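Report on the structure given below.
Letters A, B, ... mirror the listed sequences (proteins, then strands); counts begin at 1. Everything numeric in this text was worked out from a predicted model, so none of it was measured.
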Amino acid sequence: MSVVEKTETEAGRDFIRDIVAGDLAAGRHKSVVTRFPPEPNGYLHIGHAKSICLNFGIAQEFGGRCNLRFDDTNPTKEEQEYIDAIQADVRWLGFDWGNGLYYASDYFERLYGWAQDLIRASSAYVDDQSQDEMRAARGTLTEPGKNSPFRDRSIEENLDLFGRMRAGEFPNGARVLRAKIDMASGNINLRDPVLYRILHASHPRTGTQWTIYPSYDFAHGQSDAIEGVTHSICTLEFEDHRPLYDWFIESLSVPSRPHQYEFARLNLTYTVLSKRALNGLVRGGHVSGWDDPRMPTLAGLRRRGVPPEALRDFIKRIGVAKANSLVDLGVLEFSIREHLNKTAQRRMAVLRPLKVVIENYPEGKSEELEAVNHPDDASAGTRPVRFAREIFIERDDFMETPVKKFFRLSPGTEVRLRYAFFITCREVVKNAAGEVTELRCTYDPATRGGNAPDGRKVKATIHWVSAADSVPAEVRLYNPLFSKPEPDVANFATELNPKSLEVLADARLEPVLAGGNSPEPVQFERQGYFARDPDSKPGRLVFNRTVGLRDTWAKVSASG
RNA sequence: UGGGGCGUAGCCAAGUGGUAAGGCAGCGGAUUUUGAUUCCGCCAUCCCCUGGUUCGAAUCCAGGCGCCCCAGCCA
């Protein structure tokens, strides 16, 4: 028996799945229902991806369902743009809510009725205190609060006032509806929390139909109950709210009995994942928008070229637990590389071109050579690449005075041009400023394809493109948006990495990359994985570097 | 000095009384027409600390210490 339980591998990958599996095994639920409940006040980021994968993942694994429910209880911050973007992002990540699309605003009328029920049970009251007065009366972390002078109004008066709040008779902030719980509770959430506040604002879905809006606490659990959510999974900061969540569920005649469980939110080195900060980056013009490829938003990651499969793998790797954690960005990069290595076809692109003239190659001649599209996947086929007398190689692949262990091109040395010939550097041409502008090389016609009949070896293989046949492109390289591993969220603007974006305006690509059937994603050999940016226009290609290849040489050269 | 959580390797994270999984990073080495990939090997005598219980403790008990969250009419 225990053997059988252990073979249900997916069932026990984290404490929440353990709970779900246990509830199902014990018959407490016939099937599991979860929900992903974003507030439409910003774009989804990689932290949300953790919650999405958890909620939708559990539903999939246990044969249940997961709703997408917008927590749209604050019209002053929420917008339709976000509602649309969130749906697109969840789909892109690879999840489907079927017909389980809901809005907390769908439940406003029922919520209102439950608030009246609470008033009738003498468990809620209308408070006329000002915000400042309420704050002062709330007490502190170590001192109890004081009861509101309006706490003992009659049921009739409360019902009347609450009705008039709804009718729009009072201005914003004039009154609130509060639960009557315990102003002396050590848990501040229980010190008569606000259930409804007056907000004369237009709501993206209900328009101006309402002038009062329920608070998160009053809306969330009941929404779960309405949808039959069995496991309401949220982040650690809501742990303190669970007693309140339960208080509402137990005080009201709701249709089901959901339970809340909390897990630690994701933190990533060199990045910031607070909506406030991300909003600030966008509003402050520090990035080009929510989908700037440097942003940790799903929209940004997508534009950067990160495949959803890699994101899901990353989330799986980091696990789910209750300890606050800061995950190394390297883990994400690993997941991206691992997926792209398998799926991306290879092409050659020279990011920082250096012209090379093959002196013994006939002028006017050119020829086609065969290049494989994927070294580990023969089914990806091959493609022709055109070779000619003038080519471009990567500036970094030449060193006039090579440092030790540098075994690419330098005066007098021979290297292999990938899929082409061995070449030897004969002469370095410089301009008046002393900068290298061109290399004069010779090639060995016998090494066509890349192997020497005499068996001689070269220590390096470098990539190249034909000068005449390659196409120009802009390539954007990205580095972390922040310069510190743990940026100070409060002062994020001062900790931005000035080198987070590097634009290479004169890259040269294999011409196939300009075509309509150019592979996507693609690996530029020896450099990294790239994705075409939507800024691309006919004749003006733009590529984003999703992530570079692992670079052992960088370590070797840095260590001297 | 209130309430709620959490502390296992540089970073994540299994483990729930029987003698420390796995991943990332790192370090060696092999293969290589990408200094990539792949492949092998190494990487916690010890689980925040101190006592205690037990034949046996990361796991149980007691007392400490450290970190995070809560005083929005935000979610």
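Nucleic acid contact class of A:Gln523 (heavy atoms, under 4.0 Å, all strands): base. Counting any heavy atom pair closer than 4.0 Å across all strands shown, A:Leu190 reaches no nucleic acid atom. Contact annotation for A:Glu525: base contact, defined as any heavy-atom pair under 4.0 Å involving a base atom. Counting any heavy atom pair closer than 4.0 Å across all strands shown, A:Gln131 reaches a base atom. In this structure, A:Lys459 reaches neither bases nor backbone, as no heavy-atom distance under 4.0 Å exists between it and the strands shown. Looking at heavy-atom distances under 4.0 Å, A:Phe406 makes contact with a base. In this structure, A:Tyr419 reaches the bases: a heavy-atom distance under 4.0 Å links it to at least one base atom across the strands shown. A:Val176 comes within 4.0 angstrom of a nucleotide base, judged by non-hydrogen atoms across all strands. Contact annotation for A:Arg135: backbone-only contact, meaning every heavy-atom pair under 4.0 Å involves sugar-phosphate atoms and none involves a base. Here A:Asp551 lies out of heavy-atom contact (under 4.0 Å) with every strand. Looking at heavy-atom distances under 4.0 Å, A:Val320 makes contact with sugar-phosphate atoms alone, never a base. The residue A:Pro144 sits apart from the nucleic acid: no heavy atom pair falls under 4.0 Å. The residue A:Ser130 sits close to a base: some heavy atom pair falls under 4.0 Å.
When distances are taken from the side chain of A:Asp18 to each of B:G5, B:C73, B:G15, the shortest belongs to B:G15. Distances were taken from every side-chain heavy atom of A:Arg526 (C-beta onward) to each of B:G35, B:A13, B:C73; the shortest belongs to B:G35. The side chain of A:Arg138 has B:G72 as its nearest neighbour among B:C12, B:U37, B:G72.
Between the CZ atom of A:Phe263 and the P atom of B:A14 there is a distance of 14 Å, rounded to whole Å.
Scanning for side-chain contact (heavy atoms from CB on, under 4.5 Å) contacts around A:Ala184 gives A:Pro144, A:Asp182, with sequence neighbours left out. Considering only residues two or more places apart in sequence or on other chains, A:Asn324 meets the side-chain contact (heavy atoms from CB on, under 4.5 Å) condition with A:Leu236. For the ring pair (Phe, Tyr, Trp, His ring centres under 6.0 Å) test, no residue two or more places apart in sequence or in another chain qualifies with A:His259. A:His220 is linked by a side-chain hydrogen bond (donor to acceptor under 3.5 Å, both in side chains) to A:Arg35, A:Arg69, A:Asp71, counting only residues two or more places apart in sequence or in another chain. Partners of A:Asp72 according to the salt bridge (charged side-chain N to carboxylate O under 4.0 Å, His left out) rule, which considers only residues two or more places apart in sequence or in another chain, do not exist here. Residues passing the side-chain contact (heavy atoms from CB on, under 4.5 Å) test with A:Ile462 are A:Ile393, A:Asp397, A:Arg408, A:Val415, A:Leu417, A:Arg526, sequence neighbours excluded.
To the nearest whole angstrom, the two P atoms, one in B:A20 and one in B:G72, are 50 Å apart. Here, B:G51 and B:C65 have their C1' atoms 14 Å apart, quoted to the whole Å. The C1' atoms of B:G22 and B:G35 are separated by 29 Å, rounded to the nearest whole Å. B:G2 and B:G64: their P atoms are spaced 12 Å apart (whole Å). The separation of B:A30 from B:A36, taken at their C1' atoms, amounts to 16 Å, rounded to a whole angstrom. To the nearest whole angstrom, the two C1' atoms, one in B:G10 and one in B:G26, are 9 Å apart. Atom name C1', nucleotides B:A62 and B:U53: the rounded distance is 11 Å, in whole Å. Of the P atoms belonging to B:U59 and B:C69, the separation is 27 Å, rounded to the nearest Å.
For the pair A:Lys322 and A:Glu239, the salt-bridge criterion is met [side-chain N within less than 4.0 Å of a carboxylate O].
A donor-acceptor pair under 3.5 Å is formed between the side chain of A:Gln527 and the backbone N or O of A:Ala349.
Taking syn as a glycosidic angle within 90° of 0, B:G7 does not qualify and is anti.
Where stacking is scored as ring centres under 5.5 Å apart with planes under 30°, A:Trp553 registers as stacked on the base of B:G35.
Of the side-chain N and O atoms in A:Ser185, none sit less than 4.0 angstrom from OP1 or OP2 of B:G2. Phosphate contact (OP1/OP2 of B:C74, side-chain N/O of A:Arg197, threshold under 4.0 Å): present. Side-chain nitrogen and oxygen atoms of A:Ser325 include none within less than 4.0 Å of the OP1 or OP2 phosphate oxygen of B:C11.
Judged by the 6.0 Å and 45° rule, A:Arg178 forms no cation-pi pair with A:Tyr125.
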Quick one: side chains of residues 444-454 of chain A, donor-acceptor pairs under 3.5 Å with protein atoms, not counting sequence neighbours, listed by atom name and distance.
{"unit_1": "A:Asp444", "atom_1": "OD1", "unit_2": "A:Ala446", "atom_2": "N", "d": "2.8"}
{"unit_1": "A:Asp444", "atom_1": "OD2", "unit_2": "A:Arg456", "atom_2": "NH1", "d": "3.2"}
{"unit_1": "A:Asp444", "atom_1": "OD2", "unit_2": "A:Arg456", "atom_2": "NH2", "d": "2.9"}
{"unit_1": "A:Thr447", "atom_1": "OG1", "unit_2": "A:Phe422", "atom_2": "N", "d": "2.9"}
{"unit_1": "A:Thr447", "atom_1": "OG1", "unit_2": "A:Asp444", "atom_2": "O", "d": "2.5"}
{"unit_1": "A:Arg448", "atom_1": "NE", "unit_2": "A:Glu367", "atom_2": "OE1", "d": "2.6"}
{"unit_1": "A:Arg448", "atom_1": "NH2", "unit_2": "A:Glu367", "atom_2": "OE1", "d": "2.9"}
{"unit_1": "A:Arg448", "atom_1": "NH2", "unit_2": "A:Glu368", "atom_2": "O", "d": "2.9"}
{"unit_1": "A:Asp454", "atom_1": "OD1", "unit_2": "A:Arg456", "atom_2": "N", "d": "2.9"}
{"unit_1": "A:Asp454", "atom_1": "OD2", "unit_2": "A:Arg456", "atom_2": "NH1", "d": "3.1"}

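Classification of the A:Phe387-A:Trp464 ring pair by plane angle, with boundaries at 30° and 60°, yields perpendicular.
Of all nucleotides present, none satisfies the Watson-Crick or G-U wobble test against B:A25 with each distance under 3.5 Å.
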Report, one pair per line, the protein and nucleotides 64-70 of chain B atoms (nitrogen or oxygen only) whose separation is under 3.5 Å.
{"unit_1": "B:C68", "atom_1": "O2'", "unit_2": "A:Asn324", "atom_2": "ND2", "d": "3.3"}

Protein proximity profile, nucleotides 23-30 of chain B - base contact B, sugar-phosphate-only contact S, no contact -, cut-off 4.0 Å on heavy atoms
SSSS----

